[in-house]
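A short write-up of the structure that comes next.
Note on naming: letters A, B, ... go to the chains in the order of the sequence lines (proteins, then strands), and numbering restarts at 1 for each one. Every value quoted in this text rests on a predicted model; they were computed, and no experiment measured them.
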Amino acid sequence: MGKRYNHKKIEKYWQKHWEAKKFWRAQDFSSKKKYYALVEFPYPSGEGLHVGHVRTYTAIDAIARFRRMNGHNVLFPIGFDAFGLPTENFAIKNKIHPRLATRSNIKIFTRQLKSLGLSFDWSRAVDTTDPLYYKWTQWIFLQLYARGLAYRAEIPINWCPNCKTGLANEEVVNGRHERCGTEVVKKLIKQWLIKITKYADRLIDDLRMVDFPERVKTQQINWIGKSEGAEIEFPLAGHFNFVLLHGYTGSAKKNFFPWLKTALEKRGYRVIAPELPHSSRPVEKEQVEFVLKNVKFDENTIILGHSLGGPVAVKAVERLSTRVAGLVFAGGFLEPKFKDHPRPYEKDFVWRFNLKEVRKKVGFVKVLSDRNDYAVPVEQGEKLARGLAGEFFAVESQEPHFTSDQEPAILEHLVPKVKTFTTRADTLFGATYLVLAPENPIVASYLAMRRSGSGVWNLKEAAAYVERAMKKTDISRTAEEREKTGVELKGLRAKHPLTGRTIPIWVADYVLASYGTGAIMAVPAHDERDFVFAKKFKLPILQVIKPPSVDSRDDLPPPSAVGRHDIDLEAECWTGEGTLVNSGKYTGSDSVQARKKIALDLQAQGLGRPAVSYKLRDWIFSRQHYWGEPIPIIYCDHCGAVPVPEKDLPVLLPNVKHYEPTKSGESPLAAIKSFVNTNCPACARPARRETDTMPNWAGSNWYFIRYTDPKNAKEFAARNKLEYWMGQQSLDAAASFRSPKGVGGVDLYNGGMEHTTLHLLYSRFIYKFLFDQKLVPGPEPYAKRTSHGVILGEDGRKMSKSFGNVINPDQVVAEHGADTLRLYEMFLAPFGQMVPWDTRGVLGARRFLDRVWRVYHEKPIRRGGGELSAAADKTERAEELERLLHKTIKKVTADLEDMKFNTAVSALMILINKFDENVAEVTSKQLEIFLLLLAPFAPYLAEELWRNLGNKKSVHLESWPRYEEALIAEQMLKIPVSINGRVRDVILVPADLTQNEIENQALNSPKIEAHIAGKTILRRVYVSGKMINFVVE
RNA sequence: GCCUUGGUGGCGGAAUUGGCAGACGCGCUGGCCUUAGGAGCCAGUGGGGAAACCCGUGAGAGUUCGAAUCUCUCCCAAGGCACCA
């Protein structure tokens, strides 16, 4: 016996050796073709490496090694995605600071990863919690902010009561937090959001450019949920009149005032726009009294206050004895804090207001703030809206501070109306009522008025319903057997835009605030949900679509007795296409055509427009937790939200003792005075830092970019390195590695399906954004995406501590070696497939490696070789061996290109078995080639045996072997002979025989003769070299 | 309900893409060797049958000389979405 296969010794030795020789370093700008292979970097949890990590990393490692041996300059990096809740929770539980927990977990992961013989370039490792890294995560956030893609809004968000944090839509699964399983509740919080919705279309369309699995593409497309339809406006019924109040240095004849007056009058409204006295030196008393004296207010009056006209309007309402319908502010404010110079009138006004009193007298309140306002910070508008329980809108006006001669946003918000979204504009004439989501701001706005007036008169009932609906979790909202509930806003009615009829307005939680406009036109005759609702509340049902007659429809069986020409509105609704009826001038037209026509006609009248809606929502980017990147924003009373200047990045996460989440839902950072208090970068006055942190996905958005230039202190990555690694694809790569349209980016990115609508979507979005800023060289980050299958426990359940079925890779490595573990996981099942762990299977892999070891060290054990020793046999066996070797090269090469690792390993097993049977005949050249093929899978053993064969250079620096087609060709062919499609015999014929000769030989076979005897051959089918078939009768 | 991917021995899975179904591995059966074995070696292993042969890739139909593979209908499983107007 030679020495035993001692995996421990071998693996320890070569791991050290490779590391010392810096084997796996990627070269920037090598003349070789680049190949960027990427695996999702791990989250360094306290649990250590999972056998699932081993599966994906080994697979991509094999590809990386294969590419290197094929002459590529391979970038195969690794890093750690270390911010986030799991570490924070681990830290709190074990009373260890997250920073230390992260450090020790990374250490463990690093040791484990290194033991596996993965050819990562460790010199490029990144850690998202490293300030040198997250400086650029913050920088990217500021780029988004600068482009208006990061904004703050107070919206009801998903809140996890257990983790005490807000969650992204994508982190909520079936109404529960995906990480902890707690039921998610709604909470109204001021949040940072990222406008991923702006990229929705491109995120769908550009999937055409990339090579992703079908299930990944469809999942992303469904998640984005694009549907095309129309927005249709239903003006509120009522004889409204408008009062327009201009501001400081303004005039009813300046800016947008004349335009707005004309536009409103054209719609049939009465408009008064008084010229306020002394507009360049306004005095409160004088202006307010002027207004009260010269304008008549009533319950149908809607007041617009532009700029200083806002405070004037509020003061006027304070003193009114009557109620008014609405109050709209454009660029309004209630305290004299401006971004630029002080105003002369500051002392001529009393900046105190009785907002409660005002609110009682006003039907609805809307506040419009201009994002680019030069004087009034958006925060002032928000404060105003809060004070008056009104709706707030941050808009971009035509000229800053709404000073253009046309300001459509003002007109848009001034006229009270309900905006609905529908995909079935063709059913508009069948809309018999409107439904608002409980969260729709219109609802709150009307309910905020304490007493009835121009508003709702069943206030109590409506308010109670809304309150109940808002408290419900998403689970209970959908769980209650989908029983529809709702309440009518009695007193409010809307005007049908085409018929002019007035229809009731309801509030019901089957309408979602977050989709479309948060309001629908209900067409009970042609929508299942509306139908059920209308039935329950006895609302009118009006048919406007006539289904096609049975004869013209092919989706139904032919009519048995009576054709189905109409629907029975008592029992059902018709949601399909058809011909319009009861639809004015559209009656008789086809529903598909009418859909477009109606949308365009409405647009011409300013009552609607074709519109697209998405299920995708803007990405909630705030987390009220300690262990994340601080959001680099500073709040100043005068300047509003100010980005931290680039030179001050990174905003360091303070090192503190207490990092537990707070009960109030505020970030723990809010309690740290030394962090919060700072000075405004713009005006240097005292200011406060944002205390929310970024979600865990922020750091992983762009890590693959950083790998191209991980140490760069000046840029997030140097342009030329990005271009080299992320630019156009190397075109001569094997077919399956090539991206279809050469989009460039990472050549191969493997990751889990669970990230499809999270990390994968987010990072595609961010990359597109960076591409638009000309910061990265392509539109898509990943040319090809693959997804590994999950490894289950031996019991077929998910591996989990609570099931006690977790396999620790360390133990397998210790017992059988990393090569065994790698080989086992590659052989286990097709890479993309879910599969249970099988401990005995590990032994099978180990036995294979033992056999390899034996073939290279021992005399033949099998006696097969000893008995047959005739010279002719020997030559024959040698030829067969050589043929199998070349077949194996071909097979393993093709399988690696297709990522069919399991069959590649199987081919290696077949070959080593053949070697074992014929040890005496195996040449050293053949032994070498086998090791080259084995190297990507079992790098340690291949290297050891390679050196034992006398090679000085590493097997991993060798070239991948080539096969010769000529050597693969068999000289003798085994041809199955079938009669009527059933195989009856297999004949052995020389490969160069003609069809005729083969047929004759087949017919000579006794078995075939027996089957044909007494029958006639009708047909002969011969597939060259494959088979022969006789059709007989 | 909709979308995606699948369904092949006792188990994980092969099948050059329409041409010998079950490669390779696990397990199992019998034998050899061994103080011992998660070791090694030999033989066998889809079902039925003594054999010839018959039956077999979720079910049923179809196309074809020939179907696990293509077409249609249905069933089941996993994953995703789900009151999305």
Side-chain angles (χ1 to χ4, degrees), chain A residues 4 173-174 213-223 225-227 229 420-424 427 435 477-478 482-484 508-512 514-523 526-530 532-533 575 613-617 753-754 756-757 789-790 815-816 823-824 827-830 832-848 850-851 854 861-864 887 890-891 894 900 902-910 913 974-986 1007 1010 1018-1023 1025-1032:
Chain A
R4 287 276 310 266
V173 177
N174 292 327
E214 204 52 43
R215 53 187 175 148
V216 171
K217 289 190 188 184
T218 51
Q219 239 181 76
Q220 290 205 342
I221 290 168
N222 291 344
W223 184 259
K226 178 179 183 173
S227 43
T420 64
F421 175 78
T422 179
T423 54
R424 291 298 300 271
T427 63
V435 188
R477 259 208 202 187
T478 47
R482 297 190 172 181
E483 176 69 27
K484 296 223 173 353
D509 67 4
Y510 83 90
V511 172
L512 307 176
S514 52
Y515 183 74
T517 59
I520 59 154
M521 61 173 204
V523 185
H526 306 291
D527 181 278
E528 303 271 3
R529 299 149 299 184
D530 299 342
V532 172
F533 193 79
T575 57
S613 204
Y614 302 91
K615 288 193 219 171
L616 182 74
R617 298 188 230 162
M753 281 306 291
E754 71 275 18
T756 300
T757 53
V790 176
E815 209 170 332
H816 300 291
L823 207 97
Y824 162 71
F827 180 63
L828 188 59
Q833 199 170 301
M834 176 190 288
V835 66
W837 184 265
D838 173 19
T839 299
R840 303 223 219 218
V842 180
L843 291 176
R846 171 67 196 215
R847 282 206 276 267
F848 165 67
D850 279 334
R851 178 169 284 189
R854 206 173 59 223
I861 286 179
R862 290 196 184 195
R863 247 59 61 191
K887 273 186 177 170
K890 186 178 180 178
K891 175 78 179 152
K900 289 156 87 174
N902 56 330
T903 48
V905 172
S906 152
L908 292 174
M909 287 174 166
I910 293 169
N913 287 346
K974 278 184 189 165
I975 304 287
V977 183
S978 47
I979 312 290
N980 292 344
R982 310 191 80 93
V983 177
R984 296 299 175 180
D985 196 11
V986 178
K1007 283 185 185 166
L1018 299 178
R1019 201 171 152 187
R1020 299 147 190 258
V1021 181
Y1022 174 67
V1023 180
K1026 288 269 170 66
M1027 51 75 61
I1028 185 160
N1029 185 30
F1030 296 104
V1031 184
V1032 303

- request: May I ask you to say what A:E754 touches in the nucleic acid, namely base, sugar-phosphate or nothing, with a heavy-atom cut-off under 4.0 Å?
  value: nothing

- request: To the nearest 0.5 Å, tell me how far A:L823 CG sits from A:N902 CG.
  value: 11.5 Å

message: Once you measure the plane-to-plane angle for A:F533 and A:Y510, does it fall in the parallel (<30°), tilted (30-60°) or perpendicular (>60°) bin?
response: tilted

message: Looking at the base of B:rC83, is there any donor atom on it, or on the side chain of A:K484, that sits under 3.5 Å from an acceptor on the other one?
response: yes

- request: Nearest whole angstrom, please: distance from the P of B:rG6 to the CZ of A:R215.
  value: 9 Å

task: Could you check whether A:L828 gets within reach of a base, just the sugar-phosphate, or nothing at all, counting any heavy atom under 4.0 Å?
output: sugar-phosphate

- prompt: For RNA chain B, what dot-bracket results from Watson-Crick or G-U pairs at under 3.5 Å, with [ ] for crossers and | for inter-strand partners?
  reply: (((((((..(((......[....)))((((((.......))))))(((....)))..(((((..]....))))))))))))....

field: salt_bridge(A:D850, A:R854) N-O dist < 4.0 Å
entry: no

query: When rounded to the nearest Å, what value does the distance between P atoms of B:rG46 and B:rU29 take?
result: 16 Å

message: Looking at A:T575, is its backbone amide N or carbonyl O close enough to the side chain of A:R424 to form a donor-acceptor pair, meaning the two atoms are under 3.5 Å apart?
response: yes

- request: For A:S613, answer base if it contacts any base atom (sugar-phosphate contacts may also be present), sugar-phosphate if it contacts only those atoms, and nothing otherwise; contact means non-hydrogen atoms under 4.0 Å.
  value: nothing

field: Separation of atom NZ in A:K226 from atom P in B:rA85, rounded to whole Å
entry: 13 Å

Please list, for nucleotides 64-68 of chain B, all pairs of protein and nucleotide N/O atoms separated by less than 3.5 Å.
from   : atom 1 : to      : atom 2 : distance (Å)
B:rC65 : OP1    : A:R1019 : NH1    : 2.8
B:rC65 : O2'    : A:N1029 : ND2    : 3.3
B:rC65 : O2     : A:N1029 : ND2    : 2.5

